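Note that the structure is predicted; figures quoted are calculated from it, not measured.
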There are 2 protein chains.
Amino acid sequence: MVELKEEALTQIYSALADPTRRAILLRLQHQEARVTELAAPFAMSLNAVSKHVRVLEGAGLVRREVRGREHFLALEPAPLEAASAWLETYRQFWSQRLDRLETFLRDKRAEKKSPRRK
Amino acid sequence: MVELKEEALTQIYSALADPTRRAILLRLQHQEARVTELAAPFAMSLNAVSKHVRVLEGAGLVRREVRGREHFLALEPAPLEAASAWLETYRQFWSQRLDRLETFLRDKRAEKKSPRRK
DNA sequence: TCATTATTCAACCATATGGTTGAATTAAAA
DNA sequence: TTTTAATTCAACCATATGGTTGAATAATGA
């Protein structure tokens, strides 16, 4: 099972918290790309995108391969799955909630049969 | 299907990006709690925790119910599922990647049988 | 060799974030 | 009614973040 240190989770979620970075990740889903290519669609400087890429890299979400003067970025999906797994734990909440509801209703029925005084 | 506006995703992931807030969410998984109760385990002021709670509330991850002077916080799991769903899209990446690899290998085999000149 | 291209580095700036303390508000308890 | 308790509001502070511009570095192409 995938487990991440708090530190890593913080980095990953911080990385995902920016719309530009999410867009970059979506872009990389199709194909790897160079920094300049990644920057093209955005109304911001190449430098800004370069920084975003570094954040994604720092979070381990993206891998960089330098070929000559070009840097190719590719998605690194493993940590995203880990982050996703963390979120998944919340799904348990629903079943727990339903369990509690059921218990509540059962107690309620029992109470009706042999009521304790208020 | 759960779909979220960019804005909402930003709020959710920003909320998740802080370890204190993640701890609060985990705590609320067991049971609802008041602000003071939530604050107890942390080495920071009640005010700080109060702020964190407000962030979680703003992201829609937590619901507040005021009873008298006490504020009870409870998990609101729906948006977490949505955020999780967003992450899930990345799983597609693996299959795509494998598809491409397969295509590559198939082309390679075909190329061997009837090579095009370089 | 020289100009161009791809990228990062460095300094800077405005705003956001995560924390503090102290006062205000409101409800409960004595 | 007076005190105590649960919470937020407001002001403040240090640091982080997301952006800018300009210069540096290094590889490619002419």
Side-chain angles (χ1 to χ4, degrees), chain A residues 5-28 31-75 83, chain B residues 5-28 31-75 83:
Chain A
K5 295 191 297 286
E6 282 296 297
E7 173 69 22
L9 275 178
T10 297
Q11 279 189 260
I12 291 175
Y13 285 125
S14 300
L16 294 175
D18 184 276
T20 301
R21 288 194 290 263
R22 287 197 301 275
I24 290 175
L25 289 177
L26 286 173
R27 165 64 215 279
L28 288 179
Q31 201 173 8
E32 65 170 23
R34 295 173 305 131
V35 178
T36 314
E37 288 163 358
L38 287 178
F42 297 106
M44 69 180 67
S45 73
L46 176 67
N47 266 359
V49 173
S50 174
K51 278 189 182 184
H52 281 304
V53 168
R54 204 144 32 105
V55 171
L56 290 168
E57 218 186 344
L61 300 179
V62 141
R63 178 173 30 81
R64 180 191 305 256
E65 193 191 326
V66 180
R67 301 180 208 146
R69 65 181 165 181
E70 296 166 310
H71 298 204
F72 287 86
L73 286 316
L75 209 56
Chain B
K5 296 192 294 287
E6 281 297 297
E7 172 69 22
L9 275 177
T10 297
Q11 279 189 258
I12 291 174
Y13 285 124
S14 300
L16 294 175
D18 184 276
T20 302
R21 288 194 290 264
R22 287 197 302 273
I24 290 176
L25 289 176
L26 286 173
R27 165 64 215 278
L28 289 178
Q31 201 174 7
E32 65 171 24
R34 295 174 304 130
V35 178
T36 314
E37 288 164 0
L38 288 178
F42 297 107
M44 70 180 67
S45 73
L46 177 65
N47 266 358
V49 173
S50 174
K51 279 189 181 185
H52 281 304
V53 168
R54 204 143 34 103
V55 172
L56 290 168
E57 217 186 344
L61 299 180
V62 140
R63 178 174 31 81
R64 179 192 305 255
E65 194 191 324
V66 180
R67 300 180 208 147
R69 65 182 165 180
E70 298 167 308
H71 297 204
F72 286 86
L73 286 317
L75 209 57

[X] side chain: which of [options] is closest?
| X | options | result |
| --- | --- | --- |
| B:His52 | C:dT8, C:dG18, D:dG19 | C:dG18 |
| B:Ala48 | C:dT20, D:dT7, C:dC9 | C:dT20 |
| A:Asn47 | C:dA10, D:dT7, C:dT20 | C:dA10 |
| A:Ser50 | C:dG22, C:dA29, C:dT8 | C:dT8 |
| A:Arg69 | C:dT8, D:dA6, D:dT28 | D:dT28 |

Between the side chain of B:Glu70 and the main-chain N/O of B:Arg34, is any donor-acceptor distance below 3.5 Å?
-> no
Starting from the 5' end of DNA chain D, give me the residue, A:Val49 or A:Glu70, whose nearest nucleotide shows up first.
->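 With A:Val49 and A:Glu70 compared, the 5'-side residue is A:Val49.
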Between A:Ser45 and A:Gly68, the residue closer to the 5' end of DNA chain D by nearest nucleotide is A:Ser45
Before accepting this row, confirm whether a basic side-chain N of the pair A:Arg22/B:Glu6 lies closer than 4.0 Å to the acidic partner's carboxylate O.
-> yes
Is there a side-chain contact between A:Phe42 and A:His52, using heavy atoms and a 4.5 Å cut-off?
->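 No - every pair of side-chain heavy atoms lies 4.5 Å or more apart.
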Do you know the tightest heavy-atom contact between B:Leu73 and B:Leu28?
-> O-CD2, 3.4 Å
Can you tell me the distance, in whole Å, between the CZ atom of B:Arg67 and the P atom of D:dT7?
->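 Those two atoms, CZ and P, are 11 Å apart.
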Select from A:Lys51 and A:Phe72 the residue whose nearest nucleotide in DNA chain C is closer to the 5' end of that strand.
->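 Looking at DNA chain C, the more 5' nearest nucleotide goes with A:Phe72.
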So what does A:Asp18 touch, heavy atoms closer than 4.0 Å: a base, only the sugar-phosphate, or nothing?
-> sugar-phosphate
Could you tell me whether the phosphate oxygens of D:dT8, OP1 or OP2, come under 4.0 Å of any side-chain nitrogen or oxygen in B:His71?
->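 Checking D:dT8 against B:His71, a side-chain N or O does come within under 4.0 Å of OP1 or OP2.
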Hey, is the side chain of A:Arg34 poking within less than 4.0 Å of OP1 or OP2 on C:dA6, counting only N and O atoms?
-> yes
